[in-house]
Amino acid sequence: MTSIAIIGVGNIGFRHLEGITKSEIIEEIFIYEPNYSAIEKIKESKFFNSSIKICETISELPEILDFCIVATDSRNRLKAILSLVSKVKQIKYIILEKVLVQSFKSLKQLEFLLEKYDAKIFVNQWFSRWLIKNNIFNSNEYIINMDVSGIEWGIACNAVHFINAFRNFTKSNNLKKDSDCLFRKPFKTKRDGYFDVNGFIHIQSKCLSNLNLVSFEKSKTYKKGLIKLKLFTNKSLINIDLLRDRIIVENQLDSITKTKKLPPYLISEDIKNIIYDISNNFDSGLPSLKRSIDEHKVLFFALSCVEGWDDYNYSFPIT
């Protein structure tokens, strides 16, 4: 009997739970969420059924689990993980939400999992997986330059998706540890107590490929809610428009342009496929914890250039 636990069922955790109920291989679902209103939302949802067991404490989780998704607020992520691995004896696979934690110090503390816990741990940075599953690249194609831009698209919390994809599809996936960046003053996001920032980050791989991440305060040529990507590869030019309701891909190869429209990426639709790929030893397309920690460090280094940016003054607007 395949079992899964979800720690934290707020916004993203709720979507994970919705998707898991559609999985054909998961038979037992355990959830832990201290927020009463979040639990009530689950009970009132159309997908709530008898396979979902609500735990009042992490200690009530089974001693052995096949999967565990940790989707708590990133302020509480490290505490939740420490509690999880101390209470549950064996977990085959763990999926963590990004941004992993709020500081360099907490990232360092997370590294103990690499040595002391034998579960295979993945981080939900979805964009590489999406590129792979939709066959965006041809064989032996790699990125030379990648530009990501939009209006207030969440550079402080969403950049790790694109850093991971850039790293995966360059000729050398080793990134230079330093970066060039220029930021404006952080602004409050819709989520109370959280901040993001507009500005520019330039990251280079050791093979001299370039990633440019730009977030505008306003722009005449961009609509809010649109993230534009321009990928210059050794074979083609790929333009991708990430919109809330659809994704448009335009591929220019040998003077021929092909355009296709795809549905938006929804974790509630894909998580069941991620679980299936992992359980059947397929490549999930998600980075390992070690790889993700390295990519978070690159982002955290850039954000350290923002005056006053740390986990005491500004918090990432992320689950």
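Since we're looking at a predicted model, the values are computed, not measured.
- At least one side-chain heavy atom of Ile69 sits less than 4.5 Å from a side-chain heavy atom of Ile271.
- Within the 4.5 Å cutoff, the side chain of Trp130 has heavy atoms near those of the Ile240 side chain.
- No side-chain heavy atom of Phe137 sits less than 4.5 Å from a side-chain heavy atom of Tyr142.
- Using a distance-only test at 3.5 Å, with no hydrogens or angles considered, a donor-acceptor pair links the side chain of Asn49 to the main chain of Phe47.
- The minimum heavy-atom distance linking Glu63 with Val88 is given by the pair O-CG1, 3.4 Å.
- For the atom pair CG of Asn273 and OG of Ser284, the computed distance is 12.0 Å after rounding to the nearest 0.5 Å.
- Residue Leu262 holds its CG atom at 10.5 Å from CG of Leu242, rounded to the nearest 0.5 Å.
- Nearest heavy-atom pair, Ser205 versus Ser172, reported as atom, atom and distance to 0.1 Å: CB-O, 3.7 Å.
- In this structure a side-chain-to-backbone donor-acceptor pair under 3.5 Å is missing from Arg77 to Leu96.
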Q: In sequence, state the C-alpha distance, the side-chain angles, and the governing distance for Ser292 and Val160, and then conclude on side-chain contact (heavy atoms from CB on, under 4.5 Å).
A: CA-CA 8 Å; Ser292 184; Val160 286; over 6 Å; no
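- Applying the ring pair (Phe, Tyr, Trp, His ring centres under 6.0 Å) test to every pair with at least one member in residues 200-220, sequence neighbours left out, gives these pairs: Phe216-Tyr222.
- At least one side-chain heavy atom of Lys235 sits under 4.5 Å from a side-chain heavy atom of Asn140.
- The environment of NZ in Lys260 is crowded: more than 12 heavy-atom neighbours from other residues, nucleotides or ligands sit within 6.0 Å.
- A salt bridge links Asp270 and Arg129; the closest N-O separation between the charged side-chain nitrogens and carboxylate oxygens is under 4.0 Å.
- In this structure, the side chains of Phe166 and Ile143 come closer than 4.5 Å at one or more pairs of heavy atoms.
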Q) Between Phe301 and Cys181, is a side-chain contact (heavy atoms from CB on, under 4.5 Å) present by the stated rule, with each step listed? A) CA-CA 10 Å; Phe301 176 85; Cys181 44; over 6 Å; no
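- Geometrically, Lys53 engages Phe30 in a cation-pi contact, judged by NZ or CZ lying under 6.0 Å from the ring centre and within 45° of the ring axis.
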May I have the list of side-chain donor-acceptor pairs in residues 12-28 shorter than 3.5 Å, sequence neighbours left out?
{"unit_1": "His16", "atom_1": "NE2", "unit_2": "Glu97", "atom_2": "OE2", "d": "2.7"}
{"unit_1": "Thr21", "atom_1": "OG1", "unit_2": "Glu18", "atom_2": "O", "d": "2.6"}
{"unit_1": "Lys22", "atom_1": "NZ", "unit_2": "Glu269", "atom_2": "OE2", "d": "2.8"}
{"unit_1": "Ser23", "atom_1": "OG", "unit_2": "Ile25", "atom_2": "N", "d": "3.2"}
{"unit_1": "Ser23", "atom_1": "OG", "unit_2": "Ile26", "atom_2": "N", "d": "3.4"}
{"unit_1": "Glu27", "atom_1": "OE1", "unit_2": "Thr2", "atom_2": "N", "d": "3.0"}

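- Between Phe112 and Val85, some side-chain heavy-atom pair lies under the 4.5 Å cut-off.
- Put simply, the side chain of Ile31 reaches to within 4.5 Å of the side chain of Ile42, judged on heavy atoms.
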Q. Can you check side-chain contact (heavy atoms from CB on, under 4.5 Å) on Asp294 and Arg167, steps first, answer last?
A. CA-CA 11 Å; Asp294 290 343; Arg167 185 182 183 187; 3.7 Å; yes
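- Across every non-hydrogen atom of Ile155 and Leu213, the tightest pair is CD1-O, 3.7 Å.
- The structure places CD1 of Ile6 at 11.0 Å from CD of Glu33, a figure rounded to the nearest 0.5 Å.
- Leu253 and Leu231 fall into different hydrophobic clusters, where Ile, Leu, Val, Met, Phe, Trp and Tyr are joined by side-chain heavy atoms under 4.5 Å apart, directly or via other members.
- Ring pair Tyr265/Trp126 is parallel by interplanar angle, where below 30° counts as parallel and above 60° as perpendicular.
- Ile201 is listed as a side-chain neighbour of Leu299, based on a closest heavy-atom distance under 4.5 Å.
- Residues Ile94 and Leu114 share a single hydrophobic cluster, defined by chaining ILVMFWY side chains whose heavy atoms lie under 4.5 Å apart.
- In this structure, Leu229 CG and Asn212 CG are separated by 11.5 Å, a value rounded to the nearest 0.5 Å.
- Residue-environment remark: NZ (Lys290) stays at or below the threshold of 12 foreign heavy atoms within 6.0 Å.
- Between the side chains of Glu295 and Asn164, at least one donor N or O sits under 3.5 Å from an acceptor N or O.
- With hydrogens and angles ignored, the 3.5 Å screen pairs a side-chain donor or acceptor of Asp196 with a backbone N or O of Ala156.
- Shown here for Glu141 and Asn234, the closest heavy-atom pair between the two residues is CA-OD1, 3.3 Å.
- Without hydrogens or angle criteria, Arg184 side chain to Gly199 main chain gives no donor-acceptor distance under 3.5 Å.
- The distance from atom CG of Leu100 to atom CD of Gln125, rounded to the nearest 0.5 Å, is 7.0 Å.
- Linking ILVMFWY side-chain heavy atoms closer than 4.5 Å, directly or via other members, places Leu266 and Ile95 in two distinct hydrophobic clusters.
- Shortest non-hydrogen contact noted between Asp245 and Pro264 is O-CD, 3.2 Å.
- A donor-acceptor distance shorter than 3.5 angstrom exists from the side chain of Asp73 to the backbone of Arg75, with no hydrogens or angles considered.
- One N or O on the side chain of Lys98 and one on the backbone of Cys157 form a donor-acceptor pair closer than 3.5 Å.
- Cluster membership check: Ile267 shares its hydrophobic cluster with Ile278, using side-chain heavy-atom separations under 4.5 Å among Ile, Leu, Val, Met, Phe, Trp and Tyr.
- Here the closest heavy-atom approach between residue Phe127 and residue Met146 is recorded as CE2-CE, 4.3 Å.
- By the rule that hydrophobic residues join a cluster once side-chain heavy atoms approach within less than 4.5 Å of another member, Val214 and Leu182 end up as members of separate clusters.
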(Q) Does Lys258 form a side-chain contact (heavy atoms from CB on, under 4.5 Å) with Glu250? I'd like the steps, not just the answer. (A) CA-CA 6 Å; Lys258 293 183 178 179; Glu250 183 183 84; over 6 Å; no
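- Ring orientation note: the planes of Phe282 and Tyr276 are tilted relative to one another, at an angle of 30° to 60°.
- Here the OG1 atom belonging to Thr233 is positioned 12.5 Å from the NZ atom belonging to Lys171, to the nearest 0.5 angstrom.
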